[in-house]
Number of protein chains: 2
Amino acid sequence: MTKTKTQAGQAALPLNQILEGDCIEMMNSLPEASVDLIFADPPYNLQLRGDLHRPDNSKVDAVDDAWDQFGSFAHYDNFTRDWLAAARRILKPNGALWVIGSYHNVFRMGAELQNQGFWILNDVVWRKSNPMPNFRGKRLTNAHETLIWASKSEGAKYTFNYEALKSLNEGVQMRSDWVLPICNGGERLKDANGDKAHPTQKPEALLHRILVGTTNPGDVVLDPFFGTGTTGAVAKMLGRDFIGIEREESYRVVARKRLSKIRKFDKEALEVSTSKRAEPRVPFGQLVERGLLRPGEELYSLNGRYKAKVRADGTLIGDDVKGSIHQVGAHLEGAPSCNGWTYWTFKRDGKQVPIDLLRQQIRAEMN
Amino acid sequence: MTKTKTQAGQAALPLNQILEGDCIEMMNSLPEASVDLIFADPPYNLQLRGDLHRPDNSKVDAVDDAWDQFGSFAHYDNFTRDWLAAARRILKPNGALWVIGSYHNVFRMGAELQNQGFWILNDVVWRKSNPMPNFRGKRLTNAHETLIWASKSEGAKYTFNYEALKSLNEGVQMRSDWVLPICNGGERLKDANGDKAHPTQKPEALLHRILVGTTNPGDVVLDPFFGTGTTGAVAKMLGRDFIGIEREESYRVVARKRLSKIRKFDKEALEVSTSKRAEPRVPFGQLVERGLLRPGEELYSLNGRYKAKVRADGTLIGDDVKGSIHQVGAHLEGAPSCNGWTYWTFKRDGKQVPIDLLRQQIRAEMN
DNA sequence: AGCGTTTATGAATCGGGCG
DNA sequence: TCGCCCGATTCATAAACGC
């Protein structure tokens, strides 16, 4: 499974491995513009004061590890600036970045990534279906975390599998609020003592949605704060290559064991619904050339209000207008644009049939 | 209704009025430490490029007002710094601040208010039950906005009516995600032409929850970006005093008229419709995301005649057909429609189990 | 009047390929 | 790099319309 990828004039990319060390140094050691997606779950800079107890006096196992302690906002901002800059360097021009955080750190991350030229595409709310309650009743239940999805720069051609996410959401466009349970039960990794192996292990469902929606099979996904390897595990299942970076040996041990047990889903299962945009383009003129429509034949608008005549060169002519199927449709409707394929119909056996049917016929022959 | 409040050695506070002018100047003219709560809905600094049309070719009425135009992040940051500082000065030591924004501006606001010493208590997500869709299918539906609730400083004794919010939430602790419809219908204020009076009017239900939860009757609530006066209207209903600041005369005209019609403790108006939805919809894709079904796993029709394979995006693939669980079921049976939830089964311990069982499992977790 | 259908609209950073 | 032009794309709600 471990492999490397070499691009023209660049050092090899260490794929499907966990790099050991500080994420900034390790990212700086990788070739620039070589990674398709970065998912980052950095330390949250939680400012917890003292211990927290549940109403039954049991102690809440808070995130108080040394790696999550920053002296001040300035320290945290420096850290954020440096790792984001390192991430930005290794990202391909059309690559994208996801970060996740809570109100303690996400505003600082969001502002800094805007400052560095990343272009925010959406902020996404992970709405936890089973959050920890607020035991003291002093605030609202902290029931969500925030993700930011950003392209490397404005205008970049980021990957977005719109139809796949729509399918995941039962045929309705995916929204920016995602309801998913927190990671527990069998998915939650335990250490030898039976304690949780990592304090903030993310659910695989979250990564599944991110990777299905914003990467393609074969893409390289890098996680600079790899932890117990959720990103790597889901990437492997989904046939994406991953690069993990993790400083703590104890997490790497758990992640390696976890990854060794993951199997990739079969190829057929990994293909996702695609949009029509991915279909080959068929010029309208081909319908005429192939005799599916005759020059002189009349087309009728879907609403029945207009008609136009087909010409031998694949243009239409109406009462006072001529041009492409799109131009004539837009002109007749007084609309800024028009998809002529779905706007025009022809008559067959007395019935109105959309010309798009003929396009589908040609596309079927192409396969 | 208009009155003033005088505190020891301080100028009078102009209550239940709309102050005319720039919010920074007007706040600076008020006595320090005199206000209990500030709710602020500042310009979002949207950076819209061209026109946007719906698939039916109608044009989206964009927020292109001059007051939302800032030349750069630096300009916007200066503006944010200045109005937040002015707000901070007039806030009582135990007072609190709410701001609302989208991903365009909320990260910059959140970072700046932390920099100034405000202490974030919660970030709250307003999940819109009826957001505008993403018409081009290029991103996720932007279905939420973010609010930040902060006390003036760490350790301050802010107001939080825990039980009141619990009651509003059917007896369970209020969470940080609030599902509320956008403001339209009869609540949406129109101008003389029948056009919306303000492009971004907020729903009263949102302010209702905020004021019930984080102020007491008799408190002074200030809104530096008053617009059409939603904050003042809800404050008046709930028996709080308000101070509005608004620069545009056209908005003030609408707000004055609106406020004149509001009556305190109009019980009926306070009732927030909390209509319970039937059963929450569970997309089939969630079974895959959550690992309850694996991509590549085979499903069998209840009658045992057909099988199909699960794909990573929550669609099925059969011998000659692919699509949703419902579509594939309908196609195989030659039926016009099919309830895939009851049609498909999977194998567990050698037995055929309906996939609907997994849906019930997820629904149980949601409660 | 009543019911079913059509239309309008909401804080939106909303193309891409080819010449 | 720019301009042209093909052609893909929407959900929930309420008001207006029509029979």
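Naming: A, B, ... by sequence-line order, numbering from 1 per chain.
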### Task
Taking only the side-chain heavy atoms of Leu48(B) (C-beta and beyond), determine which of dG17(C), dG10(C), dA12(C) contains the nearest atom.
dA12(C)
### Query
Does Arg88(A) count as lying over the ring of Phe118(A), i.e. NZ or CZ under 6.0 Å from the six-ring centre, within 45 degrees of the axis?
yes
### Query
Ion pair present between Lys190(B) and Asp195(B), side-chain N to carboxylate O less than 4.0 angstrom?
no
Output a table of nitrogen or oxygen pairs between the protein and nucleotides 8-10 of chain D separated by less than 3.5 Å.
| residue | atom | partner | partner atom | Å |
| --- | --- | --- | --- | --- |
| dA8(D) | OP1 | Arg359(A) | NH1 | 3.2 |
| dA8(D) | OP2 | Asn339(A) | ND2 | 3.2 |
| dA8(D) | OP2 | Arg359(A) | NH2 | 2.8 |
| dA8(D) | N6 | Ser337(A) | OG | 3.1 |
| dT9(D) | O2 | Phe135(B) | O | 3.1 |
| dT10(D) | OP1 | Tyr162(A) | OH | 2.8 |
| dT10(D) | OP1 | Lys166(A) | NZ | 2.7 |

### Any Lys138(B) side-chain nitrogen or oxygen under 4.0 Å from OP1 or OP2 of dG16(C)
yes
### Task
For dA12(C) and dC5(D), measure between their P atoms and round to the nearest Å.
31 Å
### Query
Taking atom C1' in both dC14(C) and dG7(D), what distance in whole Å separates the two?
15 Å
#### Entry: Separation between the P atoms of dA11(C) and dA15(D), rounded to whole Å
16 Å
### Task
Nearest whole angstrom, please: distance from the P of dC6(D) to the CH2 of Trp344(A).
14 Å
### Query
With sugar-phosphate meaning primed atoms plus P, OP1 and OP2, does Asp41(B) contact a base, only sugar-phosphate, or nothing at under 4.0 Å between heavy atoms?
base
### Query
Do Ser167(A) and Ser273(A) have a side chain donor and acceptor closer than 3.5 Å?
yes
### Task
Please work out if Glu154(A) contacts a base, only the sugar-phosphate, or nothing of the nucleic acid, heavy-atom cut-off 4.0 Å.
nothing
### Task
May I ask you to evaluate whether Ser324(A) reaches the phosphate of dC6(D), defined as a side-chain N or O under 4.0 Å from OP1 or OP2?
yes
### Task
Using only heavy-atom distances, determine whether the side chains of Arg175(B) and Asn122(B) contain a donor-acceptor pair under 3.5 Å.
no
### Task
Taking only Lys NZ, Arg NE, NH1 and NH2, and the carboxylate oxygens of Asp or Glu, determine whether Arg81(A) and Glu112(A) approach each other closer than 4.0 Å.
no
### Query
Quick one: stems for DNA chain D, with Watson-Crick or G-U pairs under 3.5 Å, at least three in a row?
C:2-10 with D:11-19, C:15-19 with D:2-6
### Task
Using atom CG of Asn122(A) as one end and atom C1' of dA11(C) as the other, report the distance to the nearest whole Å.
14 Å
### Task
With DNA chain C as reference, determine whether Phe118(A) or Gly155(A) sits nearer its 5' end, using the nearest nucleotide of each.
Phe118(A)
### Query
With a non-hydrogen cut-off below 4.0 angstrom, is Asp68(B) in contact with a base, only sugar-phosphate, or nothing?
base
### Query
Cation over ring, Arg252(B) on Phe226(B), under 6.0 Å and within 45°?
no
## Note on the structure
Hits for side chain to side chain contact (heavy atoms under 4.5 Å, CB included) against Asn184(B), two or more places apart or cross-chain, chain-then-number order -> Asn130(B), Ile182(B)
### Task
Using a 4.0 Å heavy-atom cut-off across all strands, classify Pro42(B) as base, sugar-phosphate, or nothing.
base
### Query
Within this structure, what is the CZ-to-C1' distance between Phe225(B) and dA11(C), rounded to whole angstrom?
15 Å
